[in-house]
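Sharing a structure, written as structure tokens. Questions coming.
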Amino acid sequence: LKLDSSEGANLINIQYAVMFGIIFTFSFYLNNNQSNFHIIPAISSNNIWLFILLLFYFLISWVTSNYIRGNIEFTPFYIVTWTIAIWYLGAVVIMINSLGSFKYLFLSSYISIVSLYDFIAYGDNSFYCTDTLSSIIWKFFTGISLILGFFLLIPTLIVTLDLIKIVISFEKFTLVIALIFVFIRFIRFLWIAVRG
Amino acid sequence: MNIYIFYGIVLATLLINIVWAFLKRKGITFSIYAADPNEHNTMIIAFSLAGTIVGGGMFLAVGQIGYEAGTAGYILGFTYLVGLAIVGSITKAVRNMMDKGNHDSILDLLSFYYGNRVTLQFCIVNLAMYVFLLAGQFIALFLFAKYIKNLTGIIWLPWSLVIIAIISLFFYPVIGGLRKDIRTDIIQIIIIFLASAIILWKIIRMRVLSSIWVQLTPAHIFGTGYGLVFIIGIILFYMPSFLVRMDIWQRIRAANSETASSRGFWIAGIISCFFYLLFTTIGMWAYALKLPVGKYSTFELVDKQFQNPIMLGVIFGAFFAAVLSSADTFINNTSLFLTRIAFPSLWANKHEPTASNSLLHWSRIFAISFIVMGLILGLIIPNIIDLLVGAFSLLLIYIPIILGLFVEDWRNERAAFWSSNLGVVLFIILFFGWNPKIAFAPSVVVSIIAYVSILYLSKRLS
């Protein structure tokens, strides 16, 4: 069973759109009383930059999916994998405003898995890595984000598993890692846009 | 602890290594000494690569990183895993290139695509760096001797072991070249695995992984003890460094098939990563136990936790195996670099019997000379050697040149020569006049920019 390119892309686009709507809904709340009506951002000031960054990444991911639609086969496996990735990413963005360290574990897992998939599946003989040089460069960049994913995964695992008793602030550390990750993904998007 | 049983076990591991090296004797040609092409299967390549990477520094420097900067050592392990996987993905292209021109080494490829002066320059810089790496292994042996001497009060005991290890280096890598180097890596990595299993068993039994974190600082847990710049630097400068190392390219050629080399690199990455994770954890464990000195943290911890002389003997035997597995590679490489520098015309005809014999003869003489030089350097300037070993990533000035091997448009002899010269000169100025620990970083960046600029200008002008 295979969908053609436009059907498959529509299916993916719908899911991105639904997820984007959910993210948007969770990003604000209404303060509605008899005298006035306010729409108030639901994201705390501590997390606002990380939220914006990940939202930007969500959009890059969406646009990228449309750039590569002509070069991929929409098999059931591919669609299921992509669906999980979209909903997982959406959950990561929504969870940014939650308390505790679980959201960081979620984010670091996402960075690690996505980078590992890119590193193994797309490095060789794909339509945007047609020669050895581009394969090396591709693997180098995905390798950086893979290592950073692991780098964030270690402390988040330690804290989430409750192995330490001290209070650790993750905000700045996570923001730096996420910034580098999104930058690399943006470069990836440009690469695909140029080659595709 | 019975010190003589300990001594006997370490001695036994050393003797196993020596006997293993000479168990199977075959005639050695220069081609076998330098490349041993198409000979070894996946696991042998994996063990050999891992053996080369796991040197004496694993027991000293990595433990120290764990002690001082916590999980930063884990990042080093992940970087090795990814770096070796990247090389593993290009082995097919490398082997095709070598097969096409009947080339045996990276030096032949450089000579063919870039000419003699770039190859000569590559050899000189690599020779200098590999001599320092070799001296670094001897320093690790000397540190072991000092530590055991202070512990037991007996001078002859550690020094006799060190002398036996050094004497063995005068024989098997000199006589057997790369073939013996790879062959001994198998037994060496098995000994290291055995010691690691003993340590790992202790870590699991004492539930170290669930208990040490309480004792560590946030900087240890985040791995930012040396700062985030250190982490980024490791990733950026270590990951591509495998692409420019001759010892790594030798293993690509030594594999008996494309699959063997590709899988061998993946497995070596996993093995190396495991060792980095283990020894970093040992360093953190030492910190959690409040052991005093970071440099000796692995030795101290092993000494405190293992009172059984047999287990302690196996662990220190593994230390010797680690040192030998790296040192023999560096001896082989340094001798080849100088042979190529001194006899370029003989090298060009290396497949002819007369030239092969002559090159083999001189390579062996040079190998002996570099062992002596490494020993002298390690004894008289250990601190400077430490700094220079840290600057190993200077070899990244050759990364555009190596990438040019794969793509014709990217290849330019003039850019290769002048950019790498600029990188070296800048490194020397910055090493002595600025910060010796990070002097390599701007040198590499400037060199790469220079390469791209000269390449662009050359294309415009032509």
Side-chain angles (χ1 to χ4, degrees), chain A residues 101 104 108 111-112 115-116 118-126 129-177 179-181 183-184, chain B residues 70-72 74-94 96-97 207 209-224 228 231-232 234-236 238-240 243 262 266 273 277 280 399-400 402-411:
Chain A
S101 62
Y104 299 118
S108 55
I111 295 175
S112 307
S115 307
L116 186 64
D118 248 16
F119 189 82
I120 293 171
Y122 286 125
D124 308 309
N125 305 320
S126 56
C129 288
T130 47
D131 54 46
T132 308
L133 182 62
S134 57
S135 177
I136 292 172
I137 295 169
W138 176 270
K139 280 189 186 283
F140 178 70
F141 279 107
T142 49
I144 292 174
S145 61
L146 176 61
I147 295 168
L148 290 175
F150 286 148
F151 187 38
L152 186 59
L153 194 61
I154 299 164
T156 53
L157 257 179
I158 293 165
V159 173
T160 311
L161 293 173
D162 208 19
L163 295 175
I164 55 168
K165 303 294 172 206
I166 48 176
V167 177
I168 286 188
S169 169
F170 273 101
E171 280 84 10
K172 199 175 157 193
F173 183 73
T174 312
L175 188 63
V176 174
I177 302 286
L179 192 64
I180 300 169
F181 171 71
F183 176 72
I184 289 170
Chain B
T71 55
Y74 289 173
I75 300 307
L76 213 48
F78 297 140
T79 305
Y80 271 75
L81 172 61
V82 174
L84 286 170
I86 291 175
V87 182
S89 71
I90 60 156
T91 52
K92 188 181 172 186
V94 172
N96 283 344
M97 223 176 353
R207 299 186 178 186
L209 275 178
S210 56
S211 64
I212 56 170
W213 307 109
V214 187
Q215 310 287 331
L216 300 177
T217 62
H220 278 94
I221 292 160
F222 282 128
T224 52
L228 201 58
I231 301 293
I232 305 292
I234 282 179
I235 298 171
L236 289 180
Y238 267 66
M239 198 162 55
L243 288 167
S262 174
W266 270 97
C273 184
L277 299 187
T280 303
I399 201 81
I402 299 296
L403 294 180
L405 292 174
F406 301 103
V407 183
E408 202 177 341
D409 281 355
W410 189 251
R411 205 178 297 149

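Atom set for the values below is all heavy atoms of this structure, side chains included, hydrogens, waters and symmetry mates excluded. Naming: A, B, ... by sequence-line order, numbering from 1 per chain.
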So which atom in B:Ile221 and which in B:Thr71 form the shortest heavy-atom distance, rounded to 0.1 Å?
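Heavy-atom minimum between the residues: O-OG1, 3.0 Å.
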Identify which part of B:Thr224 has an atom lying under 4.5 Å from any heavy atom of chain A, answering side chain, backbone, both or neither.
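Only the side chain of B:Thr224 comes within 4.5 Å of chain A.
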Heavy-atom contact with chain B under 4.5 Å, split by part of A:Ile180:
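For A:Ile180, the side chain is the part near chain B, not the backbone.
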B:Leu76 side, atom CG; B:Ile235 side, atom CD1 - distance, nearest 0.5 Å
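CD1 of B:Ile235 is found 10.0 Å from CG of B:Leu76.
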What pair of heavy atoms forms the shortest contact from B:Trp410 to B:Gly404, and how long is it?
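Where B:Trp410 meets B:Gly404 most closely, the heavy atoms are CD1-N, 3.3 Å.
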Please look at A:Ile144 and chain B and tell me whether the side chain, the backbone, both or neither of the residue comes under 4.5 angstrom of a heavy atom of that chain.
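When you check distances to chain B, atoms from both the backbone and side chain of A:Ile144 fall under 4.5 Å.
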Taking the side chain as everything from C-beta on, heavy atoms only, tell me whether A:Pro155 gets closer than 4.5 Å to A:Tyr104.
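Not in contact.
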Derivation and outcome, side chain to side chain donor-acceptor pair (under 3.5 Å), residues A:Ser134 and A:Asp131:
CA-CA 6 Å; A:Ser134 57; A:Asp131 54 46; 2.8 Å; yes
Select one option (side chain, backbone, both, neither) describing which atoms of B:Leu81 are under 4.5 Å from chain A's heavy atoms.
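Neither part.
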Which atoms of A:Val176 approach chain B - backbone, side chain, both or neither, heavy atom under 4.5 Å
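Interface part for A:Val176: side chain.
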Contact between B:Trp213 and B:His220 at the side-chain level, heavy atoms closer than 4.5 Å - yes or no?
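Heavy-atom side-chain distance check fails, nothing below 4.5 Å.
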Contact class of A:Phe151 relative to chain B, heavy atoms under 4.5 angstrom:
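Interface part for A:Phe151: both.
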May I ask you to name which of B:Val82, B:Ile90, B:Leu405 has the most heavy-atom pairs under 4.5 Å with chain A?
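Between B:Val82, B:Ile90, B:Leu405, the count favours B:Val82.
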Is any side-chain heavy atom of A:Phe150 closer than 4.5 Å to one of B:Ile75?
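No, their side chains stay 4.5 Å or more apart.
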Is B:Leu236 close to chain A through its backbone or its side chain, or both, or neither, when contacts mean heavy atoms under 4.5 Å?
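Both backbone and side chain.
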Is B:Phe222 close to chain A through its backbone or its side chain, or both, or neither, when contacts mean heavy atoms under 4.5 Å?
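When you check distances to chain A, atoms from both the backbone and side chain of B:Phe222 fall under 4.5 Å.
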